[in-house]
Amino acid sequence: MTIDAEAEGQVLAENRDGILLITLNRPDRLNAWNAPMRARLVALINGANSDAAIRAVVLTGAGTRAFCAGQDLNEGRTFDGARAEEWIEEWRRLYGALRRFEKPMIMALNGLAAGSAFQTALLGDVRVGHAGSRMGQPEINSGMVSATGFWIMREMLGLSRAIEMVLTGRLASAEECHRLGLLHHLVEPEEVLPKAMAIAAELAAKPPLAFKLNKQRFCAATQASFDETMEAARLLHRQAFDAGEPQRVMGEFLNKSR
């Protein structure tokens with residue numbers, strides 16, 4: 001996908017002494033993302049992976065309310081089954097880029113991380129948040145299947161917790177996320193980004209080959225189940241969007257929120 005100027009304004013990138021700070025920049029929409037934003041993020045991550053001048057990446061959101069609310073429902077409610085399959089391929093590319101990133105990837109969670117943003121955050125190496133950094137998998141409330149979210153949560157938390165969070169769609173508090181290990185550091189809101197940048201610098205100073213080989217091993221150890229999950233997600237979302245339930249539920253939600 002061609003990266004357009006609007007997407008460049010919605011996903012900002014700044015090199016801070018070798019640490020690439022990427023900021024999701026749609027605060028009026030809680031930084032919810034669409035296809036051009038996802039394509040821009042993939043390009044930035046892949047570029048940083050191959051750029052010797054970039055030693056680490058920090059990903060955060062603009063504003064004070066959200067890291068990212070996940071999928072832009074205005075986009076999602078226009079999907080049919082065929083577009084849903086393409087959509088899953090977009091996630092395969094983004095999640096694959098995150099999984100293959102061989103340098104430090106720190107998530108600075110300045111607020112809500114929901115749905116695909118929760119999943120993206122969990123694919124980072126270290127997560128920093130504050131007391132308002134709620135996290136969860138609310139897809140079921142929008143009529144969507146949580147195929148990839150279930151897999152990531154099962155890897156992180158185990159089967160029982162993953163089932164409960166998928167079926168309830170609830171958002172966990174920052175305290176619960178910290179207790180479960182989903183958030184590694186809880187700091188004051190104004191310290192989230194500085195703490196994330198400091199961790200990025202600390203990890204970037206580790207022996208680079210050992211760091212790279214460790215991350216390659218993390219990816220390889222879960223690649224087969226990741227591939228199976230993405231194929232299941234493609235089929236399940238095709239079925240759901242062909243039936244029309246996600247579009248109907250998303251449309252009802254958007255109409256109520258106007």
Side-chain angles (χ1 to χ4, degrees), residues 22 33 38 41-50 56-59 67-68 70-71 84-85 87-109 113-129 135-137 139-140 144-167 172 177-185 196 199-200 203-204 206-238:
I22 302 175
W33 41 31
R38 291 189 290 274
L41 189 52
V42 169
L44 287 171
I45 293 169
N46 288 339
N49 204 35
S50 60
V57 165
V58 171
L59 179 61
F67 169 72
C68 177
Q71 173 64 39
E85 289 197 49
W87 179 61
I88 292 303
E89 288 306 307
E90 293 168 12
W91 290 115
R92 188 195 297 266
R93 287 191 288 274
L94 176 55
Y95 292 166
L98 290 164
R99 286 168 47 79
R100 291 189 301 270
F101 190 68
E102 296 173 340
K103 303 173 186 180
M105 171 70 72
I106 314 302
M107 302 297 180
L109 300 170
S116 53
F118 175 48
Q119 298 168 43
T120 295
L122 294 186
L123 291 174
D125 301 319
V126 179
R127 289 166 292 282
V128 181
M135 304 173 75
Q137 198 63 36
E139 267 91 340
I140 194 167
M144 288 194 287
V145 181
S146 184
T148 55
F150 167 70
W151 173 76
I152 294 172
M153 284 193 293
R154 187 187 64 186
E155 290 289 320
M156 294 283 180
L157 298 172
L159 183 60
S160 176
R161 184 77 68 173
I163 289 173
E164 184 264 340
M165 291 194 74
V166 166
L167 294 183
C177 291
H178 188 238
R179 175 165 46 83
L180 294 174
L182 300 179
L183 280 173
H184 299 104
H185 301 273
I199 294 170
L203 295 187
K206 302 289 185 185
L209 180 58
F211 199 95
K212 173 181 177 178
L213 294 177
N214 272 316
K215 292 204 65 175
Q216 286 180 352
R217 180 58 194 149
F218 301 157
C219 182
T222 54
Q223 189 62 44
S225 59
F226 174 75
D227 291 338
E228 186 276 333
T229 289
M230 296 310 301
E231 179 61 15
R234 183 181 67 80
L235 297 174
L236 291 169
H237 282 287
R238 176 73 189 237

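Gln71 and Trp87 share a donor-acceptor pair across their side chains, judged by distance under 3.5 Å alone. Remark: the Gln223 side chain and the Arg100 side chain contain no N/O donor-acceptor pair separated by less than 3.5 Å. Of the N and O atoms on the side chains of Thr222 and Arg99, at least one donor lies less than 3.5 Å from an acceptor on the other residue.
Of the inter-residue distances, the one linking Arg161 atom CZ with Leu182 atom CG reads 9.0 Å to the nearest 0.5 angstrom. Here CG of Leu167 is found 5.5 Å from CD1 of Ile140. Values are rounded to the nearest 0.5 Å. To the nearest 0.5 Å, the span separating NE2 on His184 from CG on Asp125 amounts to 9.0 Å. Atom CH2 of Trp91 sits about 8.0 Å away from atom OG1 of Thr148, to the nearest 0.5 Å. Rounding to the nearest 0.5 Å gives a distance of 10.5 Å between CD of Glu228 and CH2 of Trp151. One finds the CE atom of Met230 at 12.0 Å from the OG atom of Ser225 (value rounded to the nearest 0.5 Å).
For Arg127 (side chain) and Met107 (main-chain N/O), no donor-acceptor pair under 3.5 Å exists by modelled atom type. With Lys103 contributing its side chain and Ala204 its backbone, the two residues share no donor-acceptor pair below 3.5 Å. In this structure, Asn214 contributes its side chain and Ala210 its backbone to a donor-acceptor pair below 3.5 Å. Asn49 places a side-chain N or O within 3.5 Å of a backbone atom of Glu102 that can act as its donor or acceptor partner.
In this structure, the side chains of Glu155 and Leu122 stay at 4.5 Å or more apart for every pair of heavy atoms. In this structure, the side chains of Val57 and Ile45 stay at 4.5 Å or more apart for every pair of heavy atoms. In this structure, the side chains of Gln137 and Ile152 stay at 4.5 Å or more apart for every pair of heavy atoms.
Pairing each heavy atom of Gly129 with each of Leu183, the nearest pair is N-CD2, 3.9 Å. Closest of all the heavy-atom pairs between Phe67 and Ala113 is CD2-CB, 3.9 Å. The two atoms that bring Ser116 and Trp33 nearest to each other are OG-NE1, 2.9 Å, heavy atoms only. The two atoms that bring Ala172 and Met165 nearest to each other are CB-CE, 4.1 Å, heavy atoms only. Residues Thr229 and Ala147 come closest through the heavy atom pair CG2-O, 3.8 Å. When every heavy atom of Met153 is checked against every heavy atom of Val166, the shortest pair comes out as CE-CG2, 3.4 Å.
For Lys212, the NZ atom is loosely surrounded, since the number of other residues' heavy atoms within 6.0 Å does not exceed 12.
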- Task: Output, in order, the C-alpha distance, side-chain angles, deciding distance and verdict of side-chain contact (heavy atoms from CB on, under 4.5 Å) for Leu98 and Thr120.
- Result: CA-CA 8 Å; Leu98 290 164; Thr120 295; 3.7 Å; yes

- Item | Audit row: Val58, Ile199, side-chain contact (heavy atoms from CB on, under 4.5 Å) steps and yes/no | CA-CA 9 Å; Val58 171; Ile199 294 170; over 6 Å; no

